[in-house]
Amino acid sequence: DTAVSQTPKYLVTQMGNDKSIKCEQNLGHDTMYWYKQDSKKFLKIMFSYNNKELIINETVPNRFSPKSPDKAHLNLHINSLELGDSAVYFCASSQVFMWATYNEQFFGPGTRLTVL
Amino acid sequence: KNEVEQSPQNLTAQEGEFITINCSYSVGISALHWLQQHPGGGIVSLFMLSSGKKKHGRLIATINIQEKHSSLHITASHPRDSAVYICAVTSITGNQFYFGTGTSLTVIP
């Protein structure tokens, strides 16, 4: 059973479109995350979210919004896609909120977004 | 300047060699993490540590808090170790994460 799954695996779209990436975890974790990995393989956190608190990285444009219908899902919505949004997006989850020595993160397989 | 710096950026080794990847950071941290990203893209957490040393199989991670430095060692390297190794730190407040740019390791048979 896949612990953290993402769909789609690949997403190719035109500039200006609105798209969503779905993430689901079956680990019973309280916290989920979205990361962006650019073409140079540099990872950057976008959001941390549990049912009580959303922490947004202040550098993330407000075109990006996380939506959590329940504890097991955290979807990423992107409005008005731009060329610079092309990247691999990773979802992750952990037992509790905060990334500490006792709180391992489990990553999804990634979604490669290409904006044309 | 990035809060987390790794060296080397790229590393090629012969099978069986001892490998060291270095990570230096400039912020106060509560934990340091080593991640492995395979060529297929998947990311797994290798180690989380805040002091001393941890060992898992052929992998050893050390951290020196005073020097703000960590090393990841791979003993008896194997081609299946070929991957990108990423160092990341959790801020002292626990809610900021910073990543290194990764070290791309290729182990040649």
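Within every chain, numbering begins at 1; the chains are lettered A, B, ... in the order of the sequence lines, protein sequences first and strands thereafter.
There is no side-chain donor-acceptor pair under 3.5 Å between B:Asp81 and B:His78. A donor and an acceptor atom, one from each side chain of A:His29 and A:Ser94, are nowhere located under 3.5 Å apart.
Of the possible polar contacts, one joining the A:Gln25 side chain to the A:Leu27 backbone as a donor-acceptor pair under 3.5 Å is found. The backbone N or O of A:Phe90 lies less than 3.5 Å from no partner atom in the side chain of A:Gln37, so there is not a single donor-acceptor pair.
Residues B:Trp34 and B:Leu59 have side chains not in contact (no heavy-atom distance under 4.5 Å, counting atoms from C-beta outward).
To the nearest 0.5 Å, the span separating CG on A:Leu76 from OH on A:Tyr35 amounts to 13.5 Å.
The stretch residues 15-25 of chain B places none of its residues near chain A, where near means some heavy atom under 4.5 Å from a heavy atom of that chain.
Interface remark: B:Gln37 contributes side-chain atoms only to the contact with chain A (heavy atom separation under 4.5 Å). At a 4.5 Å heavy-atom cutoff, the contact between B:Ile86 and chain A is made by side-chain atoms alone.
Shown here is A:Asp70, whose CG atom has more than 12 heavy atoms of other residues, nucleotides or ligands within 6.0 Å.
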